[in-house]
2 protein chains.
Amino acid sequence: MRITTQGDYALKCILRIAADGPRGPVAISRIVEKEGLPLDYLEQLLLKLRRRRLIKSVRGVKGGYLLNAPAASISVAQVLEAVEGDVFELICGRKRKSGKSCKGSQGCVLKDVWKNLKKKIETYLDSVGLDELLKRSRCIHEKGRGPR
Amino acid sequence: MRITTQGDYALKCILRIAADGPRGPVAISRIVEKEGLPLDYLEQLLLKLRRRRLIKSVRGVKGGYLLNAPAASISVAQVLEAVEGDVFELICGRKRKSGKSCKGSQGCVLKDVWKNLKKKIETYLDSVGLDELLKRSRCIHEKGRGPR
DNA sequence: ATATACCCGACGTTTTTTGTCAAGATTTTA
DNA sequence: TAAAATCTTGACAAAAAACGTCGGGTATAT
């Protein structure tokens, strides 16, 4: 398994896009400004998100990114998978120098453990939608500016 | 989060120790023979397991390793933590070049996601004991040699 | 046209993981 | 006591992964 800054960055990006999207395409520069992350790196992540059709892009002046589906229908799991690949690569599957990739005497009881773990992780991450995060984040920030 | 071959190797080692321990200390060479893993590397992992007091060692001829507690009281989580450190290091905690480690506009709704995920992972991994794995593995292997 | 902004592949650096080595300490056994 | 087996430990080397940067390209609004 592997959850790295990529996943964290990607989520921050897409959350910002979800938050500001209603007011038009969100440029990378805007995300950088708000989140303080390396622009060139984000470019790559956003590319991946687009290829997975989680976001769409608008080129040219005034361009930027927009969600490609309602926030509620995009889950944290989807975002992570888009940028990190399979969120939990089964360890048993890895190639090792020694070759014989799972021939240990334990047969592969461990494989079951990893498989179950993967399942639990995916279930949880899939249950958290961007809409939920957005709501919570608005709750936290709540500038003075009252409800409109 | 980070689960690598270290964790997998360490589990294989300790399972073998659990399996063969009853017949006396289990030498690294025996583990290598059975599991086909790099000896010098295992040495390091076993050291970590020992320091965490999950196993104990016997030096000299006929020496080797033994569980330091009943298999039932050692969980997969304990083994992984021993060799990989915190099984799920909160991403928000990491230092980044840019400094300000979590100042993004999302405050840190994400922190909650990671925290919950961590909890779920730990709960599961902590619920799986070595005894259980051992039982399953015996079930799978079941040589002709009848009971007892 | 020009400025803005996405597109995308290639590259370089750093960090982590994986693996190896060598010298030492302990214990059994002959 | 000498030899052999076996753990102990730190240092080092190699490989892989993650992180970040760059430069040239394409599309679009003004």
Side-chain angles (χ1 to χ4, degrees), chain A residues 1-10 12-13 17 20 24-33 35-52 55-66 68 80 83-87 89 91 94-99 101, chain B residues 1-10 12-13 17 20 24-33 35-52 55-66 68 80 83-87 89 91 94-99 101:
Chain A
M1 160 129 180
R2 192 135 274 148
I3 292 185
T4 66
T5 56
Q6 272 187 93
D8 190 52
Y9 288 4
K12 281 176 176 164
C13 282
I17 292 169
D20 295 354
V26 184
I28 292 190
S29 55
R30 158 116 183 130
I31 299 175
V32 169
E33 183 186 301
E35 314 292 342
L37 303 173
L39 188 146
D40 290 309
Y41 197 31
L42 296 191
E43 232 170 24
Q44 295 178 55
L45 303 181
L46 290 168
L47 191 58
K48 289 182 186 176
L49 294 182
R50 186 173 63 82
R51 287 186 173 151
R52 283 295 190 99
I55 59 176
K56 59 191 167 190
S57 63
V58 179
R59 287 162 81 140
V61 177
K62 295 226 171 193
Y65 297 90
L66 292 169
N68 200 28
L80 290 180
V83 296
E84 315 239 36
D86 197 353
V87 178
E89 176 188 0
I91 288 178
R94 294 238 199 106
K95 275 276 192 293
R96 286 202 306 258
K97 255 190 183 172
S98 50
S101 80
Chain B
M1 158 128 181
R2 190 137 276 148
I3 292 185
T4 67
T5 56
Q6 271 187 96
D8 189 53
Y9 289 4
K12 282 175 175 162
C13 284
I17 292 168
D20 296 353
V26 183
I28 291 191
S29 55
R30 158 117 184 130
I31 299 177
V32 169
E33 182 187 303
E35 314 291 344
L37 302 174
L39 189 147
D40 290 311
Y41 196 32
L42 296 191
E43 236 167 21
Q44 293 177 56
L45 303 180
L46 289 168
L47 190 60
K48 289 182 186 175
L49 293 182
R50 186 174 62 82
R51 287 189 171 146
R52 282 295 190 99
I55 60 178
K56 58 191 167 193
S57 62
V58 179
R59 288 161 80 140
V61 177
K62 295 228 171 191
Y65 297 91
L66 292 169
N68 201 27
L80 291 180
V83 296
E84 316 240 34
D86 196 353
V87 179
E89 178 188 357
I91 288 179
R94 295 239 199 103
K95 276 276 194 292
R96 286 203 305 259
K97 257 191 180 172
S98 51
S101 80

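Order of the sequence lines fixes the chain letters, A, B, ..., with proteins taken first and strands second; residue numbering starts at 1 for each chain.
Residues B:Y9 and B:L37 share a closest heavy-atom pair of CE1-CD2, 3.6 Å. A pairwise comparison of heavy atoms in A:V83 and A:Q6 identifies O-OE1, 3.3 Å as the closest pair.
Residues B:R51 and B:L47 form a side-chain contact, since some pair of their non-hydrogen atoms from C-beta on lies under 4.5 Å apart. Looking at A:I17 and A:L49, their side chains never come closer than 4.5 Å, going by heavy atoms from C-beta outward.
Using a 4.0 Å heavy-atom distance criterion, B:R30 is classed as making no nucleic acid contact. If you check every strand for non-hydrogen atoms under 4.0 Å, B:G63 touches sugar and phosphate atoms only. Contact annotation for B:I28: backbone-only contact, meaning every heavy-atom pair under 4.0 Å involves sugar-phosphate atoms and none involves a base.
Between the CD1 atom of A:I3 and the P atom of D:dA17 there is a distance of 17 Å, rounded to whole Å. Going from atom CD1 of B:I55 over to atom P of D:dT8 covers 8 Å, rounded to whole Å. The CG atom of B:L39 sits 15 Å away from the C1' atom of C:dT18 (whole-angstrom rounding). The distance between atom CZ of B:R51 and atom P of D:dT9, rounded to the nearest whole Å, is 5 Å. In this entry the distance linking CG of A:L37 with C1' of D:dC19 reads 12 Å, nearest Å. For B:D40 and D:dC12, the CG to P distance is 16 Å, given to the nearest whole Å. A:K48 has its NZ atom 11 Å from the C1' atom of D:dC19, to the nearest Å. Atom-to-atom, CD of B:E84 to P of C:dT17 comes out at 7 Å; the value is rounded to the nearest Å.
Nearest nucleotide to the A:Y9 side chain, out of D:dT8, D:dT6, D:dG20: D:dG20. Nearest to the side chain of A:Y41, among C:dC6, D:dG20, C:dT29, sits D:dG20. Among the nucleotides C:dG9, D:dT21, D:dT8, the one closest to any side-chain atom of A:P38 is D:dT21. Checked against D:dT8, C:dA5, C:dC8, the side chain of A:L47 finds its nearest nucleotide in C:dC8. Each of C:dC21, D:dT8, C:dT4 was ranked by its minimum atom distance to the side chain of A:V61; first place goes to C:dT4. Ranking D:dG20, D:dT30, C:dT17 by closeness to the A:K62 side chain, first place goes to D:dT30.
Within the 4.0 Å cut-off from OP1 or OP2 of C:dA5, not a single side-chain nitrogen or oxygen of A:S57 is found. The shortest distance between the side-chain N/O atoms of B:T4 and the OP1/OP2 oxygens of C:dT17 is not below 4.0 Å.
Here the CD atom belonging to A:E84 is positioned 7.5 Å from the OG1 atom belonging to A:T5, to the nearest 0.5 angstrom.
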Criterion side chain to side chain contact (heavy atoms under 4.5 Å, CB included) on A:C13 and A:L45, from CA distance to verdict
CA-CA 9 Å; A:C13 282; A:L45 303 181; 5.7 Å; no
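Interface remark: the A:R59 side chain does not form any donor-acceptor pair with the C:dA5 base, using a distance-only criterion of under 3.5 Å. Counting distance only, with no hydrogens placed and no angle test, the side-chain atoms of B:Q44 and the base atoms of C:dT20 include a donor-acceptor pair under 3.5 Å. Taking 3.5 Å as the limit, the base of C:dC8 and the side chain of A:E43 contain a donor-acceptor pair of atoms between them.
In terms of position along DNA chain D, the nucleotide closest to B:G60 lies nearer the 5' end than the nucleotide closest to the other residue of the pair A:G60 and B:G60.
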